Every structure is written in structure tokens, then in C-alpha cells.
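Since this is a predicted model, take the numbers as computed values, not measurements. Computed over heavy atoms, backbone and side chain alike; hydrogens, waters and symmetry mates excluded.
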Amino acid sequence: MNEKLKETFSSFEGKEEELIPLLQKVQENLGFLSDESMEEIARFIRVPASMVYGVATFYTQFRFVPKGEKHIMLCRGTACHVKGAPRIQEEVENQIGIKVGETSEDLKYSLENVACIGACSLAPCAMVNDSVEANLSPKKIEKLFSTSGGR
Amino acid sequence: MIDGINLIVKRGKTILDIATENGIYIPNLCHHPDLVPSGNCRMCMVEVEGMRGQIIACKTPVEDGMIIRTESQEISLIRQTTLELIHANHTQDCTNCYKNNQCKLQEVTAYVGVDEKRLNSLRRTKPIIEEDGSNPFFTLDHNKCIMCGICIRTCDEVQGTNALDYGYRGFETVVSTFGNRPIKESVCESCGECVVRCPVGALYPKEEKLPTREIKSVCVYCGVGCNIYFGIRDNKLVSAKGDKNSIVNKGRLCVKGRFGYKFVNHPERLTKPLIKKNGEFVESKWDEALDLVAKKFSVSKGNKFATLSSAKIPNEDNYVIQKFTRAVMGTNTIDHCARLCHAPTVAGLVQSFGSGAMTNSIDEFTNASTIFSIGSNTTAAHPIIGLHIKEAKRRGAKIIVANPKEIDLCRFADIHLQQLPGTDVVLLMGMMKVVVDENLEDSEFIKERCENYDEFIKSLNEFDLDTCEKITRVPKEKIIEAARSYATNKPSSLVFAMGITQHSHGTDNVLAISNLAQLTGSVGKESSGVNPLRGQNNVQGACDLGALPNVYPGYQKVTAPEVQEKFEKYWEVKLNPDNGLTHTEIFDQIEKGQIKSLYQVGENPVLSEADANHVKKALDKLDFFVVQDIFLTETAKYADVILPATSFAEKDGTFTNTERRVQRVRKLVEPPGEAKDDWWITCEIAKRLGGSGFNYNTAEDIMNEINEVTPIYGGIKYDRIDEVGLQWPCPDENHPGTKFLHKDRFSRQGGKGKFFPLTYKASVELPDKEYPLILTTDRSLYHFHTSTMSRRVKGLESLNKEELLLINPRDANQMNLKNGEFVTVKSRRGTVRVKTNITEICPKGVVSLTFHFHETPTNELTICAIDPVSKIPETKVCAIKVEKIDHK
């Protein structure tokens, strides 16, 4: 077993009711839930792996692919939607070459939709890691994520 | 009272159970009688006077004075709306569906009705999900799934595999494997139990047709002996369904039982006798082949002749073959593959208990409080007994697994003792030391029912726990825990198989087991005993009917003059008073030129015998070699004459399963080409050699003769076993058969069980500098033995298509091996090339292979060191080295 997982498990007893805290802790330490980590959790608390997966996929807080260096959370709230979020999404997907829910192979980018980031006055907007990118337009997106732009 | 009808009912049943029993229909989708009610489809709601709102009938127990209504305007409306929501997400193409006319959704819809207009406005918003057709035997179509969860609960409650669960719960819920992978890449064991139970067409079998008719018979793979209804259409087997009323399998089947019958229809079946002329096999007429065989056999009677019979063919055929060998060929040299599997069991348990069979019935496992499985990969080799053990676990039993590998059953184990291969005597004696030191023995049982206890106790001194821990590598705390559980948490049942027997000290291992059972009084009782799991479908029967060199049918000794006299009188011929040779000795004598002719029925020693190169050399030396089989096996290639036999599906007869139950095998289809029943072929040879008493017309004629000369089979008549098989001993026609052995007295002479003092004997070939790893052999769930049948089933082949060397990551790292790369495995006897599977299933220092694949003949590596008592070769332990293949 992966050393990092072993360390994560060391503060747990291996009981079934620890499943969700375990998933959270593993995601905190690994950045996401790999297949291996979920299988090891299943072994550790002696429940079927399919059940661990069933629980994990219910909660939106868990992710199954690693985050990219730049983790983009596109706002799909009402204000952003009205201001053209679907087109913005298309543009971002074209620009970085991955779909929502995916991570690029070089681990540079990951992309997901969120319901609202609470910055409606800046719509359409997105968060890239911890900062808000406001008033997005195709041009701005190109500038932000252009692979040739050297950023 | 339901709908105004007064009913008197038993407590503990649900409203739905009671309604169904009394012919009152309450619609339901997620209910299945084999499963715990889940109440998620909301169709079975009813109203109960005095209770608020609607009640779920499948989860509510009936109570005194309940007044139940199954219909009301409100119930109707709720059911209809719920049903419309299910239909909205369901493919509307019934005529193209496998389940059309047998669909539960159709049934419920016909009763409840839907509002077409409202339904159309609700229609599917979810995108179509692609079918999962990865499994070779069945398809999962999510678009037809109604989320009843029956497949998920079956995989959990019945099979214990848990391949499926709900995933992505919410609007997007699907039945999902771990990681939502294709089913073939999941932990699914392809047993098909979910497919059988799916109420709609979401899980449906591939290439299976509805049959014209169904006939009940017995599975031909392992020794469990599951009862199956085979479907027949156009003289072909097209389906298989577990018999729900069978006490053996209760309707359940494993992947081989449900789908493995397909080899019967395989185009490579032998259809005509073949005679080798100038090194080539040429088709011939039956008369020509039989005349030739008779002519050649006539010059090698007595000790120039040997027969290898088969554990795959019925009792009747085995009886005739041993009769032919003894009465016509004048020798007792007849043996079969039991020599390579449970010979030590017979040798050991006959000495200690008087009888070498499973003492309990399969059905008794579920009521055991402790089940101790040692040296048995139960879920792979005897899957349905595996299910019984899992069921016992669910009922609260403690499961102890002793196995060098972390086998699948360990998932259910409370204690896993991971002993080093070949150290079982030490482990068991260590446990007995704990029992004695902590005064947990059953003194009364020992005093009244056993003998030789004092001698045995002295031999325990050698086994202090520190020594045991050192030799077995099992921490002593675990030995103590296991001993306490087995000795105190009764009834305790012990299960064992090849991991105990296939050693140069196999008989000692078996004696250690019988010591432990006697010490704790765990034998001769219901759900408590010593249970060797027999491997082949009819290995029990082949032994019972005397396909052994030292006993006539019914374990009557060849060397006993009164027995010899009895058979001489019955068969009207002089018989040989000397024990014959065993399987392993036969090949030695062939190589030495003593045995000139070999008659071999349904066996494949080139792959199954230890040190297989030795077998090949021997076969080359034979003057005349006859093989009687259903396929051209690796061994058949060495034959001079090959005689095509019928398979289990084409003949009548009986198989005796591992719990001594004699069950009817029935002719399902006509044989391919000119293939003939084994007993017919042997009778024809016998008659040509002047043998008398070989004029049988049917298999039943043979059973009638068996009844007369075999006391334990005395009362086993075809009409008595038409529905349910009988368990021997069954001495006469009024005897009900014997559920468990040794009830009030042991069947040993004198009626007492016997303890045996034991010492530790190491395996013959231990790892050293040159050959540093221990090789142990195992089985796969998907194949059987040398795979003559299972690899001719396309689906089984695709689920497990090649041999893999299981090796611990630490050993692999030392040699810098990658997962899946080809390596060379060498022993002092042979070399094979095989891909690696790096896994923690094997502990450091131990690697494992099966022997299912002719491309990787594992038994060219194993050692033919034999147990002095039972003559079994040590296929579980030999020393090997693994070498990386240099690709330069």
C-alpha cells in the first residue's frame, strides 16, 4: 500500500462508520480519490469496494481525477447563465482541450462546473484556484488559457 | 383480514408473503423471495385500518386482527404515478426484449395501468446509456433498469461478491460496478444469479435460447453435485437453470454450472473411433477398433495390464470398468485421479474414523457456529459450498481460514492463519496443544468414543507454541484464538481439500485433522464434523465403486479372502488376491517395461500428474495404449486407439457427490456422431475377450447389480432417487440414507475413533539458494482441472485465458519484475514460461500457479515425492526459481 495512505489510515480504527471521514481525509492528503485509495479504504473498513464507490459518487465534494495545476470552477449560477455561461464553457473547453469534469493529461488544467460562486455582479465569471476571474469573454479566455501565450 | 377475506396466518410473515400465499395479488417490483425486502419500488403499498397513510406490504409483518385493503383510490393514484415515472426512464421496445412476456414491469403495468398522456409528458430526459456487453455470458442494459436493486442485493446476500451497488445516486443513479468499469473488469464472478433474478430485461443472458423442454440432471464440474434443469432445443443444450428444490444447491449455480455446459455442443467432440496408423489417427469402424483393442489386450493380461478409470463418468461405468479389469484382465491394477487428490483422506480417515468421506451434509454448514476451512480454496473450487459458508457467516458463524494464500474466502474470515505451505501438522498440533493446555477438550467424548488418547497426548509435547510459530510463521496469538474458537464455539465444522492432502505427509495432515475433531468432540454430530471436499463430480462414486487397486466396490478389501470369494461367486470367475498398483506406481512400472498395455478412460495425466515429463516418457514406452474420452486430450495424442465416449449430457447413470449423495444423471441429447456410453464400450471389449456377465441393456441394469454386491449402495434404486438423491450408507430399500456419519459409533472396527501421535515432517523439497521460492498449486473459479471441458467454453476461456504466476511484490521487486511480463519458472524437473501477476495474495517466498493451461504445464515443475501411505504426489510444495527473460 501507498505510504501516504498508510499514514492517513493511522488515525482511524477501521470501522465501517468511518467511511466518509476517511474519504475526506484521503482526498485532503491525495487531492482526489484514486481507485487504489478507495479499494484500500474498502479493505481497511471491510466493506465492498462497490459500496465505497457508491457513497463517494453521491457527494459532489469528492473528486475521482486529480486536480490540475490550474483548477477552473466555471460558475453556472443564474446570473452567469443569463450572461452566456454556456458559451464561456464551450470556449474554455476548446481552449484547454478538456471537457467539464476532466483533467488534462499533463495535469496543467482541470475543469468543473459549480452552481454559484457568489460574485453575480461580475458575471460571467469563474474561479481559477483561489482567484476570481470576472466578466469573462472569449477574448479574455484566450488570454487567460492560451497555450501559446506562455502563461 | 385482507380485502374482506379472513386468513389465519403464521407470525413473522409479511403482509405481502401472506397475500401471495393466499393467491391475493399485490403488485410489486423489487421483491424477491430469496432476498431481504428492501421496500424501494413503492408498488406494494396497502392500507391497514388504524394505521396512518399507506403501508409497504413487503416490509410490514402481519399482526393479529389486522384489517388490510389492497386497493383504494389513493393507493391506485400513487401506484400509477410511481409506475409512470419508472416507465418514463424505460426503453419502450418490448417486442425486442428478452424478457417480453415474462417481464415484471409488464405484469405490474397490466394491473396498475398508466395514463398515456401524462406518461408522454414525463418521457426520458436522461441520455441513452450504452449497453455493457463486456461479460461473455450476459449484457447489462441500463436503459431498461428499473432500480429495484435486486441485482445489487443478490450480489450481496446470495453471492457475497458485491460487484454492484448504486452509483451516482440522484437524478443520474445507475447500477454500477466499482469505478463504473465494464462488468468484465470488476470483481464480478459471472455466476449469473443477478441475471436470473432481474425482473426486467436489464440483465439478460447472451446466446441463450428458450428451450423446447427441460430435463433435470447433475452438473459435471466439481464434487458439490448441483442439480440443474438443462434446456434442450434441436438436440442441443441451450440453457441451464438451478433446481430451486434441490437440497444441495437450492437453485444457485456458479459460473461453470450455469454456463459451462456449452462444451457439449463443441465441434471438436470425438465422433468416431480413431486408430493410429503410421503415426496418424485414422477414423475407423467400431468393430475394427474394438477387435484390435481386444486382440492387443488379450496378450497383456495380469500384471502387464493397467486401467486408469475416471472420476468424471457415472458410477455404473466405473463399476463395469473395474469389473472388466478384475474379472477379465485378472489384475487389481486399476486406479483413478482420486490418487492425486484425496487418497490421504481415504487412508487417514479410514484409520481414525473408519470411513473416508465427508461426515456431514452440505446443507448442515449453514447451521455451524464455527467453520474451519484449511487447505481449501472453497469459493474457487467448490463455489456453492462457498455460498453455504458465506450464509453461515451471515447467520453469525465464526469463519477460520488456514491457507498460505489470502484467498477470496478470507474476506469473510474472522481469523486468517497464513501458514507456510507444508506445515499443517504443526499448525494443527499447535491448536491442539492450546486446547489441552486450556482444558477445552471434550473429555467425555474422548473417554467414551475414542482410543489411543494417551499415546497421542505424549506426542503433543513437541509442539510448544514458540516452535509452532517459528515453523508455520503464524503468530501464536492467532493459533490460540483459532483453537479457542474451534473448541468452544460449537457446533464446529472442519472443511479441507487439496491443501491438506497433496503432500508427502498428506496422511499425517489428515490424521492431525481427525485428532483435532475428536479432541473437541466435533465429529459425528449435526453440523459438526470432518469434511473433505471432493474435487470431481464423481470422484466419490469412482472410489465407492472400486476404481481403486485395493478395494472392490463398497470399500471391500481385495486381500480379504471372504470378499474375494463373494465376488468370485457373483462374477463366476477366479480373481486376483493381490492389491494392484496405484496411479503413480503404474507410470513407474510402465517406464520399467513391466506394464505393457494401458486402458485409460476420461483422464489427462500428461497435465495432471506431478512431474509430467516422467509421464510422457512412460507413455512413449507402452506397447498398446487405449484412450476413451470425449475430446482429443493432450494425453490422447499418445494413444494407439481412441474410443469416442458420450458426455454426461448424453447418458443415463448416477454421480455421487462429495456429501455421499447418489444422484441421477439423465440423457439430455443424442450423442455426437458414433460416440458411445463408456459402459457399453467396456462391455464390448470384455465380451470380445470372453468375459461373461457383461450383457447389460441399460445403466439401471448395472445399478441393480451394484445393489447386490455393494452393501453401502444396497438400497439405492433409480425409482428412489428420481427426485432427491440418497446418501450412503443405504444398505436396503427401506433405509432412508445417512445424513451424517459416526452418529453413535464410528464406522471403524470396534466402533471407536482413534487418535494418532504425530511428528513434524518437512516437505521433501524445501527452498534453497538455487531454488529459493516455494511453488504451490491452486485452482481458478473459471476452469476445471486440465480444462479439457472448460477451455472449450468460449466465455470461460475469455474470463480466464492464460496462466499467471502469482508472486508477492517484495519477491518481484528483488528480481525487478514488472506486472504482466513473461518470466521463466524453473524447478529441478522442468521449465515453464508464464506471465506474472504481482499480488499480496501470495506471501513473500511463496508463488502459485494453477494447472489449467496446456501452454503452461505446471506439473512439469512439481515433484513426484509420494506419501508413503497413500502414494499421493506432493503437488503443493516444491522449490523453484523465477528468472527474468532477457530481451536483448
Does a side chain donor of either B:Asn135 or B:Ser190 reach within less than 3.5 Å of an acceptor in the other side chain?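 A donor-acceptor contact under 3.5 Å links the two side chains.
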Under 4.5 Å heavy-atom distance to chain A, tell me which part of [X] shows up: side chain, backbone, both or neither.
X: B:Arg181; value: side chain
X: B:Asp156; value: neither
X: B:Tyr168; value: both

I'd like to know if B:Asp34 and B:Arg252 make a salt bridge, using a cut-off of under 4.0 Å between side-chain N and carboxylate O. no
Can a salt bridge be assigned to the pair B:Arg395 and B:Glu391 using a cut-off of 4.0 Å between side-chain N and carboxylate O?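 Answer for the salt bridge query: yes.
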Of the listed residues (B:Ser186, B:Ala413, B:Cys155), which shares the most heavy-atom pairs with chain A below a 4.5 Å separation? B:Ala413
What part of A:Val55 gets within 4.5 angstrom of chain B, counting heavy atoms only: side chain, backbone, both, or neither? backbone
Closest heavy-atom pair and its distance - B:Ile407, B:Ser376: CD1-O, 3.4 Å
Tell me if a side-chain donor or acceptor on B:Lys398 pairs with a main-chain N or O of B:Ile371 at a distance below 3.5 Å. no
